[in-house]
Peer 1: 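Please find one structure pasted underneath; my questions will follow.
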Amino acid sequence: MPELPEVETVARSLEQQLLGRTIVGLAKLDWPRMLMPPAPDFAALVAGRRIEAIGRRAKWLLLTLDGGWTLAIHLRMSGHLLVAEPDAANAPHVHFALDLDNGRRLIFDDQRKFGRVHLLDRHGLAMLDAAHGPEPLAEAFTPALLAEQLRNRRAPIKALLLDQRLIAGIGNIYANEALWLARIHPLTPGGALAADHIAELYRAIRNVLAEAIANQGSSLRNYRDGYGRRGSQQEHFNVYDRAHEPCPRCQTAIERIVVAQRSTYFCPQCQLFVRWPT
DNA sequence: CATTACCTGCAA
DNA sequence: TTGCAGGTAATG
């Protein structure tokens, strides 16, 4: 469920609640496979550690602990994290919780159980970082870098945008929305895009993600921030989940196809398909 | 490369 | 009952 804007919103909303807190210990774990290392080691390693920073890399939420450890949490499809009173850990889909030194708990609620909680040392964190492409909102991400990532790639641009090794943090919603904004057909081979298309796509990606962060992300079903609040970006979708509705630009009916095994929404009139040059 | 698997719940 | 959901890892 959460993509870059949602994870960023969670990180920001947890910062005031977690910064400087000390983890007392593991309060709940009823789905062991989400955890790494396994529970006994994990519990011994996190107990007594202070939370020194809260950040994000790609769709991973990163809690920097003392001693060089990082708690890396991935929400996958249905996870949400929040800080709440201890009895909130009894809710039906809470599979993991940590006791904090102020009597509250960091609670991981995850209906579909795809989420992950990994305790990483410095090397593990470096591996996680190296597995992902550039952060699209960072200074270092430029149109030239995007062009380089797409060069010679014959896969559909939609599939490439979802590939975390190329660009970090884009998921199904924002890939659809960015391609609509840039007026690019989702099946266009990435390497077929000319420099001006790439410049448009670059701006579209940054605008879409920044706007979504400003609106605290998209809450379609499970997504909530670290206080349990919904986002509002879902009220601003132009194409996502809008099959048969009129394109906001040209009124043509939005179509749904499947690309990279994911629902893909686009306007067949104003999103241009570029053929691979022969 | 594209399928399939991992899970649960909800709407068609 | 089937298909689908904001994601990725593991298979052929």
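Chain A is the first sequence line, chain B the second, and so forth, proteins listed ahead of strands; every chain is numbered from 1. For the numbers below, each heavy atom of this structure counts, side chains included, while hydrogens, waters and symmetry mates do not. This one's a predicted model, so the numbers in the text were calculated from it and none came from an experiment.
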Peer 1: Any base atoms under 4.0 Å from Trp60(A), or only sugar-phosphate, or nothing? Heavy atoms, all strands.
Peer 2: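 If one applies the 4.0 Å heavy-atom cut-off, Trp60(A) turns out to touch nothing in the nucleic acid.
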Peer 1: Tell me the interatomic distance from His80(A), atom NE2, to dG9(B), atom P, rounded to whole angstroms.
Peer 2: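 So the two atoms are 13 Å apart, to the nearest Å.
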Peer 1: One pair to check against side-chain hydrogen bond (donor to acceptor under 3.5 Å, both in side chains): Gln233(A) and Tyr240(A). What are the steps and the verdict?
Peer 2: CA-CA 11 Å; Gln233(A) 184 62 24; Tyr240(A) 183 80; over 6 Å; no
Peer 1: What interatomic distance, in whole Å, is found between P of dA5(B) and the corresponding atom of dG3(C)?
Peer 2: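 These two P atoms come out 15 Å apart once rounded.
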Peer 1: Round to the nearest Å and state the distance from Leu162(A) atom CG to dA2(B) atom C1'.
Peer 2: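 Those two atoms, CG and C1', are 15 Å apart.
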Peer 1: Which whole-number value in Å describes the distance from Leu75(A) CG to dT8(C) P?
Peer 2: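 Atom CG in Leu75(A) sits about 11 Å away from atom P in dT8(C).
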Peer 1: Residues in side-chain contact (heavy atoms from CB on, under 4.5 Å) with Pro143(A), at least two apart?
Peer 2: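 By the side-chain contact (heavy atoms from CB on, under 4.5 Å) rule, Pro143(A) matches Tyr202(A).
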Peer 1: Could you state the atom-to-atom distance from CG of Leu4(A) to P of dT8(C) in whole Å?
Peer 2: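 In whole Å, dT8(C) P lies 11 Å from Leu4(A) CG.
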Peer 1: Which pairs count as salt bridge (Lys or Arg N to Asp or Glu O under 4.0 Å) when at least one residue sits in residues 133-143 of chain A, sequence neighbours excluded?
Peer 2: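 Every pair satisfying salt bridge (Lys or Arg N to Asp or Glu O under 4.0 Å) with a residue in residues 133-143 of chain A: Arg56(A)-Glu135(A), Arg57(A)-Glu135(A).
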Peer 1: Between the protein and nucleotides 3-5 of chain C, list the N/O to N/O atom pairs that are separated by less than 3.5 angstrom.
Peer 2:
| from | atom 1 | to | atom 2 | distance (Å) |
| --- | --- | --- | --- | --- |
| dA5(C) | OP1 | Ser263(A) | OG | 2.2 |
| dA5(C) | N3 | Arg112(A) | NH1 | 3.2 |

Peer 1: Given pairs defined as Watson-Crick or G-U wobble with both distances under 3.5 Å, what dot-bracket annotation applies to DNA chain C, with ( ) intrastrand, [ ] crossing, | other strand and . unpaired?
Peer 2: |||||.||||||
Peer 1: From CG of Asp110(A) over to C1' of dG7(C), roughly how many Å is that when rounded to an integer?
Peer 2: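 Distance check: Asp110(A) CG to dG7(C) C1' gives 11 Å.
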Peer 1: May I have the distance from Arg116(A) (atom CZ) to dC6(B) (atom P), rounded to whole angstrom?
Peer 2: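 Spelled out: CZ on Arg116(A) to P on dC6(B) is 12 Å.
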Peer 1: Is the number of heavy atoms from other residues, nucleotides or ligands within 6.0 Å of CE (Met36(A)) greater than 12?
Peer 2: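 Correct, the count exceeds 12.
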Peer 1: How long is the line joining CG of Asp241(A) and P of dC10(B), in whole Å?
Peer 2: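 These atoms are roughly 17 Å apart.
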Peer 1: With a cut-off of less than 4.0 Å, is there a side-chain N or O of His93(A) near OP1 or OP2 of dC7(B)?
Peer 2: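 Result: no.
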Peer 1: In terms of relative ring orientation, are Phe237(A) and Tyr174(A) parallel, tilted or perpendicular, with 30° and 60° separating the classes?
Peer 2: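 Perpendicular.
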Peer 1: So which heavy atom on Gly171(A) is nearest to which on Glu3(A), and how close?
Peer 2: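 The pair with the smallest heavy-atom distance is N-OE1, 2.8 Å.
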Peer 1: Please check the phosphate of dT8(C) (OP1 and OP2 only) for any side-chain N or O of Lys59(A) closer than 4.0 Å.
Peer 2: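 Yes.
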Peer 1: Tell me the interatomic distance from Ile167(A), atom CD1, to dG7(C), atom P, rounded to whole angstroms.
Peer 2: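 Spelled out: CD1 on Ile167(A) to P on dG7(C) is 14 Å.
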Peer 1: May I ask you to check whether over 12 heavy atoms, not counting those of Arg203(A), lie within 6.0 Å of atom CZ?
Peer 2: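 Result for CZ/Arg203(A): open.
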Peer 1: May Phe114(A) be described as stacking on the base of dC6(B), applying a 5.5 Å centroid limit and a 30° limit on plane angle?
Peer 2: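 Yes.
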Peer 1: Compare the minimum distances between each of dT8(B), dG7(C), dT8(C) and the side chain of Lys113(A), then state the nucleotide with the smallest one.
Peer 2: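 Shortest atom-to-atom distance from the side chain points to dT8(B).
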Peer 1: Remaining members of Ile107(A)'s ILVMFWY cluster at a side-chain heavy-atom cut-off under 4.5 Å?
Peer 2: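 Leu82(A), Val94(A), which link up through side-chain heavy atoms under 4.5 Å apart, make up the rest of the cluster.
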Peer 1: With sequence neighbours excluded, give me every ring pair (Phe, Tyr, Trp, His ring centres under 6.0 Å) pair touching residues 106-125 of chain A.
Peer 2: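 Checked against ring pair (Phe, Tyr, Trp, His ring centres under 6.0 Å) - neighbours excluded - the pairs reaching residues 106-125 of chain A are Trp60(A)-His118(A).
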